[in-house]
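Counting convention: from 1, in listed order, for ligands and their atoms alike. Model, not experiment: these values are computed from the prediction.
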Amino acid sequence: MTTPVNVTVTGAAGQIGYALLFRIAAGQLLGPDVPVRLRLLEIPQGVKAAEGTAMELDDCAFPLLAGIDIFDDPRAGFEGANVGLLVGARPRGPGMERGDLLEANGGIFKPQGEAINAGAADDIRVLVVGNPANTNALIAASNAPDVPKDRFTAMTRLDHNRALTQVAKRAGVPVSEVRKVSIWGNHSATQYPDVFHADVAGRPGAELAADQAWLTGEFIPTVAKRGAAIIDARGASSAASAANAAIDHVFDWVNGTPEGDWTSAGIVSDGSYGVPEGLMASFPVVSRGGAWEIVQGLEISDFSRERIDASVAELVEERDAVRGLGLI
Ligand code: NAD
Ligand code: LMR
């Protein structure tokens with residue numbers, strides 16, 4: 001058996017954790033030939049439930065699962081980690097302002113970034129799922145100065161997958177026939193799902209976008225506000241679809257995106273498309289040789305520019321707020 005890959009999952013006892021861990025153990029995160037060792041990180045109150053999940057994982061007898069360890073200390077949890085899925089976060093509570101949320105999450109993602117810096121493996125790859133995902137990823141990355149910044153990412157793959165399905169439904173084609181949609185900006189209601197460059201069963205996405213009523217009245221708000229709609233319907237935020245998106249993100253990062261397509265991920269901006277350098281923003285990306293690359297050369301209309309700029313402005317505000325709190 002080849003050496004198992006160490007996968008650290010934070011918030012392991014939460015609802016996304018429950019939907020995620022069994023798929024990782026089944027080989028869907030990294031590939032069907034890659035053994036994994038799970039390192040579950042929880043807060044002390046979550047450890048007992050994580051132990052229950054670990055018992056269930058054992059009971060599945062997954063051939064690729066080489067072991068499970070449970071921690072309530074980030075330093076121990078990230079020791080030797082090759083992949084870090086940072087799911088656990090502080091949800092917004094009653095009366096909490098955006099700044100309070102950023103501060104509370106700073107208390108989680110700053111020590112986790114420091115722990116990754118101190119003890120993760122040299123090839124560590126981090127995906128932040130916990131909200132506000134982009135800025136939490138920025139906090140973690142900023143507190144891991146010895147880890148290349150491009151190893152920290154924020155999840156917008158769920159938004160990407162949501163956009164694929166909305167386009168497929170509109171066009172009346174299978175989702176497998178839709179390629180090259182893009183999510184720009186923040187994983188929040190300001191995000192900009194972009195269909196203009198899409199390939200929809202061989203036809204340009206711009207044809208669908210020509211229907212302004214659908215574009216601005218249905219497509220963009222449906223994708224951007226889907227998280228809230230799920231919370232409204234389920235009484236809890238998306239879990240299985242979020243876990244699925246995390247699996248997709250890491251699988252593509254490690255194994256590469258298919259030729260002729262791209263996906264979306266929150267990555268550290270290199271200044272492309274006028275997004276300030278260093279901001280953790282979502283772009284259309286491909287993965288080559290185990291690294292994300294921003295898709296270059298896309299023509300950005302005034303319509304798209306305005307929406308990208310609005311979401312980026314929100315990211316700048318969040319960055320400035322956490323800078324003011326001394327978190328980055
Ligand atoms: P949940 O409340 O069910 O679980 C969160 C878990 O994290 C809990 O078990 C909690 O004990 C644990 N936790 C809290 N602080 C921790 C810490 N410091 N270290 C380790 N574990 C910690 O929440 P959930 O439904 O699993 O969602 C998790 C996060 O993912 C939320 O922030 C949610 O908003 C976010 N989310 C993001 C996306 C996305 O697309 N980026 C989609 C859905 C949900
Ligand atoms: C989602 O997109 O489903 C979540 O980020 C929503 C949320 O606020 O937890």
Side-chain angles (χ1 to χ4, degrees), residues 8-21 39-54 70-78 81 84-93 96 98 101-116 126-137 139-140 143 153-163 183 185-191 193 221-250 263-266 280-282:
T8 299
V9 180
T10 79
Q15 51 153 7
I16 294 177
Y18 195 73
L20 184 58
L21 292 169
R39 301 176 71 81
L40 313 185
L41 179 62
E42 258 295 342
I43 50 175
Q45 305 89 293
V47 165
K48 187 156 184 259
E51 285 169 353
T53 305
I70 301 173
F71 305 92
D72 62 7
D73 166 32
R75 293 264 169 168
F78 285 108
L85 299 174
L86 277 53
V87 178
R90 175 77 193 275
R92 193 194 291 256
M96 244 175 136
R98 199 178 183 83
L101 188 70
L102 290 170
E103 188 167 16
N105 278 298
I108 295 174
F109 289 88
K110 187 173 192 293
Q112 289 184 358
E114 290 165 352
I116 287 165
V126 177
L127 170 63
V128 175
V129 174
N131 281 322
N134 299 56
T135 298
N136 287 342
I139 294 170
N143 286 281
T153 61
M155 192 165 90
T156 55
R157 183 60 175 263
L158 178 54
D159 310 293
H160 182 92
N161 289 346
R162 287 166 171 165
I183 303 296
N186 201 0
H187 172 68
S188 76
T190 68
Q191 69 178 259
T222 299
V223 175
K225 295 181 188 164
R226 188 70 160 185
I230 303 269
I231 292 172
D232 190 42
R234 249 172 53 84
S237 65
S238 57
S241 57
N244 178 68
I247 297 270
D248 285 349
H249 176 111
V250 174
T263 185
S264 302
M280 190 69 71
S282 185

Handout entry: Distance-only N or O hit between ligand 1 and Leu158, under 3.5 Å
Key =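 There is no such contact.
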
Practice task
Look only at interatomic distance and state if Glu42 has a nitrogen or oxygen under 3.5 Å from any nitrogen or oxygen of ligand 1.
Solution key: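 Looking only at distances, the answer is yes, because the N/O contact criterion of under 3.5 Å is met.
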
Of all the heavy-atom pairs spanning [X] and [Y], show the shortest one and how long it is.
| X | Y | answer |
| --- | --- | --- |
| Gly77 | Thr8 | O-OG1, 2.8 Å |
| Pro132 | Leu101 | CD-CD2, 4.1 Å |
| Ala140 | Leu86 | CB-CD2, 4.5 Å |
| Ala239 | Ala19 | O-CB, 4.1 Å |
| Thr263 | His160 | CA-CE1, 3.5 Å |
| Ala13 | Gly46 | CB-O, 3.5 Å |

Problem - Verdict with supporting geometry, Gln191 and Ser264, side chain to side chain contact (heavy atoms under 4.5 Å, CB included) - result: CA-CA 12 Å; Gln191 69 178 259; Ser264 302; over 6 Å; no

What are the atoms of ligand 1, with element, lying closer than 4.0 Å to any heavy atom of [X]?
| X | value |
| --- | --- |
| Val87 | 28 (C), 29 (C), 30 (O) |
| Ala89 | 32 (O) |
| Ala242 | 42 (C), 43 (C) |
| Gly11 | 6 (C), 7 (O), 12 (C), 20 (C), 21 (N) |
| Leu41 | 20 (C), 21 (N) |

Exercise for the section: Pick out which of Asn134, Thr135, Asp159 makes a side-chain hydrogen bond (donor to acceptor under 3.5 Å, both in side chains) with His187. Expected result: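 Testing each of Asn134, Thr135, Asp159 against His187, the sole residue satisfying side-chain hydrogen bond (donor to acceptor under 3.5 Å, both in side chains) is Asp159.
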
Practice task
State whether the side chain of Arg39 and the backbone N or O of Ala76 hold a donor-acceptor pair below 3.5 Å, judged by distance alone.
Solution key: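 Indeed, once roles are kept as given, a pair shorter than 3.5 Å links the two residues.
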
Problem - Short side-chain to backbone donor-acceptor contact, Arg226 and Ala229, under 3.5 Å - result: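 It does not hold such a pair.
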
Approximate separation, where rounding is to 0.5 Å, of [X] [atom1] and [Y] [atom2]:
| X | Y | atom1 | atom2 | result |
| --- | --- | --- | --- | --- |
| Ile43 | Asp73 | CD1 | CG | 14.0 Å |
| Met155 | Ile183 | CE | CD1 | 12.0 Å |
| Glu103 | Arg90 | CD | CZ | 10.5 Å |
| Arg157 | Leu127 | CZ | CG | 10.5 Å |

Exercise for the section: Please assess Leu85 against Ile16 for the test side chain to side chain contact (heavy atoms under 4.5 Å, CB included), listing each intermediate value before the final yes or no. Expected result: CA-CA 11 Å; Leu85 299 174; Ile16 294 177; over 6 Å; no

Exercise for the section: Kindly indicate, with the supporting measurements, whether the criterion side chain to side chain contact (heavy atoms under 4.5 Å, CB included) is fulfilled by Thr10 and Phe109. Expected result: CA-CA 11 Å; Thr10 79; Phe109 289 88; 5.8 Å; no

Checking a contact table here: which protein heavy atom is nearest [atom], and how many Å away?
| atom | result |
| --- | --- |
| atom 3 (O) of ligand 2 | Ser238 OG, 2.6 Å |
| atom 6 (C) of ligand 2 | Gly227 CA, 3.9 Å |
| atom 39 (C) of ligand 1 | His187 NE2, 3.2 Å |
| atom 19 (N) of ligand 1 | Gln112 NE2, 3.4 Å |
| atom 37 (C) of ligand 1 | Val129 O, 2.9 Å |
| atom 5 (C) of ligand 1 | Gly14 CA, 4.2 Å |
| atom 18 (N) of ligand 1 | Ile108 CG2, 3.5 Å |
| atom 43 (C) of ligand 1 | Ser238 OG, 3.3 Å |

Handout entry: Distance filter under 4.0 Å to His187 heavy atoms, resulting ligand 2 atoms
Key = 1 (C), 2 (O), 4 (C), 5 (O)

Exercise for the section: Under 4.0 Å from a heavy atom of Ser237: give me the atoms of ligand 2 that qualify, with their elements. Expected result: 9 (O)

Heavy-atom nearest neighbour of [atom] within options [options]:
| atom | options | value |
| --- | --- | --- |
| atom 30 (O) of ligand 1 | Thr8, Asn161, Ile16 | Ile16 |
| atom 16 (C) of ligand 1 | Ile43, Leu40, Asn131, Leu20 | Ile43 |
| atom 7 (C) of ligand 2 | Asn131, Leu158, Ile230, Val129 | Asn131 |

Problem - ligand 2 contact by Arg162, heavy-atom criterion under 4.0 angstrom - result: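 So Arg162 counts as touching ligand 2.
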
Handout entry: Part of Arg226 within contact of ligand 2 (heavy atoms, under 4.0 Å)
Key =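 Within the 4.0 Å criterion, Arg226 makes no contact with ligand 2.
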
Exercise for the section: Quick one: look at Arg234 and ligand 2, take heavy-atom pairs under 4.0 Å, and tell me if it's side chain, backbone, both or neither. Expected result: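 Within the 4.0 Å criterion, Arg234 makes no contact with ligand 2.
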
Handout entry: Nearest protein heavy atom under 4.0 Å from atom 41 (N) of ligand 1, yes or no
Key =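 So atom 41 (N) of ligand 1 has protein heavy-atom neighbours under 4.0 Å.
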
Ligand 1 versus [X], non-hydrogen atoms closer than 4.0 Å: side chain, backbone, both, neither?
| X | result |
| --- | --- |
| Ser237 | side chain |
| Arg157 | neither |
| Gln15 | both |

